[in-house]
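The basis for the numbers below is simple: all heavy atoms, side chains too, and nothing from hydrogens, waters or symmetry mates. Small disclaimer: the values here were computed from a predicted structure and weren't measured.
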Amino acid sequence: MTGKKNINEWIELIQRKDAYLISRLESIYGLDRTFLGERLNTFLKVAVEFRKIFGKDKEISFIRVPGRLNIMGMHIDHRGGFVNPIAINKEAILCYAHRNDDLIQVHNLDISYGERMFNIGDELPPNKIDTTKGWLAWTQGQTDSRRQEGIDNDWVNKLKAIPIYLQVIYPDKKLLGFEGVLDSNIPTGIGLSSSSAIVVAIMEVMIDINHISVTDDEFVNYC
């Protein structure tokens with residue numbers, strides 16, 4: 001779900017419950033008015049917070065990614081195994097605007113997570129990586145280093161993974177960053193893909209703002 005508009009225009013459309021906007025949301029969420037109203041209020045909350053943090057002159061878009069439940073085959077899809085996932089009615093919503101540099105700055109509405117920022121260029125491997133084996137070796141080394149420092153659980157790693165990977169596999173394309181506000185009501189730590197939802201959302205944002213064309217299979221494999 002995207003759609004670039006000025007932040008004030010988005011807020012006005014949400015507040016007056018624009019008919020076209022409501023019809024789009026109904027196609028996603030169904031006709032339950034209570035649930036639809038709750039989701040609409042969340043979009044408004046995220047947009048208002050974005051305006052407060054990043055200003056009123058930004059052109060923004062929204063991404064939503066539902067949580068999922070695997071009723072078979074947990075954590076084997078990335079190794080070619082069979083899974084049977086279903087989407088749930090909990091989701092992550094990200095309101096974002098592109099930047100003209102490689103800074104990524106995301107404010108999480110959950111105060112226990114807070115805000116994180118980094119420059120893509122500062123996080124890249126020191127040497128060129130052009131094989132999957134090389135990528136896995138480097139990322140494992142990064143993981144081991146973070147564990148030794150006691151910082152492996154910082155949620156910033158969910159934000160970094162996709163931009164770093166995309167810059168590695170598209171070395172000739174200078175990737176731009178973004179600023180965003182994130183809200184998620186997916187319960188954490190119980191296998192409902194709260195982390196994966198953030199990773200997928202970041203992928204959606206990065207291919208949008210950097211005009212990267214990928215197939216559905218490529219999108220899944222990259223994530």
Side-chain angles (χ1 to χ4, degrees), residues 63-68 70 74-80 83 85 91-96 98-99 101-108 110 112-171 173-184 186 188-189 191-212 214-223:
I63 291 292
R64 59 169 293 274
V65 181
R68 66 174 183 172
N70 280 336
M74 192 67 171
H75 286 304
I76 64 169
D77 48 346
H78 46 82
R79 291 294 181 266
V83 297
E91 66 184 356
I93 292 176
L94 180 62
C95 170
Y96 67 95
H98 82 278
R99 293 181 58 88
D101 56 23
D102 72 342
L103 178 69
I104 291 178
Q105 180 179 1
V106 180
H107 177 84
N108 195 318
D110 186 334
S112 65
Y113 292 99
E115 185 177 79
R116 296 291 186 272
M117 68 177 72
F118 61 93
N119 291 90
I120 300 172
D122 293 340
E123 305 295 332
L124 297 175
N127 301 308
K128 183 179 179 180
I129 296 176
D130 53 14
T131 66
T132 299
K133 182 178 179 180
W135 171 258
L136 293 176
W138 180 76
T139 53
Q140 186 61 58
Q142 294 294 104
T143 299
D144 294 342
S145 177
R146 290 196 302 266
R147 284 174 177 165
Q148 291 176 0
E149 297 176 32
I151 58 173
D152 191 42
N153 291 325
D154 194 310
W155 79 284
V156 72
N157 298 315
K158 301 174 180 63
L159 305 177
K160 289 180 178 180
I162 289 295
I164 296 172
Y165 183 65
L166 288 177
Q167 190 62 86
V168 166
I169 64 175
Y170 294 102
K173 187 177 182 68
K174 177 65 174 176
L175 297 185
L176 298 178
F178 67 94
E179 48 206 16
V181 172
L182 173 73
D183 182 74
S184 176
I186 305 172
T188 61
L192 296 179
S193 297
S194 58
S195 297
S196 296
I198 295 176
V199 172
V200 172
I202 301 302
M203 174 64 84
E204 293 275 15
V205 174
M206 290 301 294
I207 64 174
D208 176 38
I209 64 175
N210 288 288
H211 309 292
I212 299 172
V214 299
T215 66
D216 290 344
D217 284 346
E218 286 173 330
F219 186 101
V220 171
N221 287 330
Y222 290 172
C223 288

Student: Take a 6.0 Å sphere around CG of D216 and say whether it holds more than 12 heavy atoms from other residues, nucleotides or ligands.
Tutor: no
Student: State whether the side chain of N210 and the backbone N or O of L176 hold a donor-acceptor pair below 3.5 Å, judged by distance alone.
Tutor: yes
Student: List, one per line, each side-chain donor-acceptor pair under 3.5 Å for residues 156-163, sequence neighbours excluded.
Tutor:
unit_1 : atom_1 : unit_2 : atom_2 : d
N157   : ND2    : D152   : O      : 3.2
N157   : ND2    : D154   : O      : 3.1
K160   : NZ     : E123   : OE1    : 3.3

Student: List the residues meeting side-chain hydrogen bond (donor to acceptor under 3.5 Å, both in side chains) with S112, not counting sequence neighbours, and say none if there are none.
Tutor: D110
Student: Identify, with sequence neighbours excluded, every residue that meets side-chain hydrogen bond (donor to acceptor under 3.5 Å, both in side chains) alongside Y222.
Tutor: Y170
Student: L124 versus Q167: any side-chain heavy-atom pair under 4.5 Å?
Tutor: yes
Student: So, using ring pair (Phe, Tyr, Trp, His ring centres under 6.0 Å) as the criterion, who are the partners of F118 when residues are at least two apart?
Tutor: none
Student: Taking all atoms of both residues into account, what is the closest heavy-atom pair of V106 and L182, and its distance?
Tutor: CG1-CB, 4.1 Å
Student: Identify the heavy atoms of P125 and I164 that sit nearest to each other, and give their distance.
Tutor: CD-CG2, 4.3 Å
Student: So, using side-chain contact (heavy atoms from CB on, under 4.5 Å) as the criterion, who are the partners of L192 when residues are at least two apart?
Tutor: L69, I88, I186, P187, I190
Student: Can you list everything that forms a salt bridge (Lys or Arg N to Asp or Glu O under 4.0 Å) with D101? Sequence neighbours excluded, please.
Tutor: R99
Student: So, using salt bridge (Lys or Arg N to Asp or Glu O under 4.0 Å) as the criterion, who are the partners of K174 when residues are at least two apart?
Tutor: D102
Student: Using the rule side chain to side chain contact (heavy atoms under 4.5 Å, CB included), only one of I104, L166, L103 pairs with I120; which is it?
Tutor: I104
Student: Step by step, would you call L94 with I202 a side chain to side chain contact (heavy atoms under 4.5 Å, CB included)?
Tutor: CA-CA 9 Å; L94 180 62; I202 301 302; 4.1 Å; yes
Student: Yes or no on side chain to side chain contact (heavy atoms under 4.5 Å, CB included) for Y96 and E179, after CA distance, side-chain angles and deciding distance?
Tutor: CA-CA 6 Å; Y96 67 95; E179 48 206 16; over 6 Å; no
Student: If every non-hydrogen atom of Y113 is compared with every non-hydrogen atom of W155, which pair is closest and at what distance?
Tutor: O-NE1, 3.1 Å
Student: Of all residues at least two apart in sequence or in a different chain, which pass the side-chain contact (heavy atoms from CB on, under 4.5 Å) check with Q140?
Tutor: T143, D144, R147
Student: When rounded to the nearest 0.5 angstrom, what distance separates CD1 in I207 from CG in L175?
Tutor: 12.0 Å
Student: Within the 4.5 Å heavy-atom criterion, are M206 and D208 side-chain neighbours or not?
Tutor: no
Student: Indicate yes or no for a side-chain donor-acceptor contact from E204 to the backbone of A201 under 3.5 Å, with no hydrogens or angles considered.
Tutor: no
Student: List the residues meeting side-chain hydrogen bond (donor to acceptor under 3.5 Å, both in side chains) with S193, not counting sequence neighbours, and say none if there are none.
Tutor: R68
Student: Applying side-chain hydrogen bond (donor to acceptor under 3.5 Å, both in side chains), can you list everything that pairs with S145, at least two apart in sequence or on another chain?
Tutor: E149
Student: Which heavy atom of A92 sits nearest a heavy atom of A197, and at what distance?
Tutor: CB-CB, 4.2 Å
Student: I need the H107 NE2 to M117 CE distance, nearest 0.5 Å.
Tutor: 11.0 Å
Student: Roughly how far, to the nearest 0.5 Å, is CZ of F178 from CD1 of I63?
Tutor: 10.0 Å
Student: Tell me, which pairs form a salt bridge (Lys or Arg N to Asp or Glu O under 4.0 Å) where one or both residues lie in residues 128-143, sequence neighbours left out?
Tutor: none
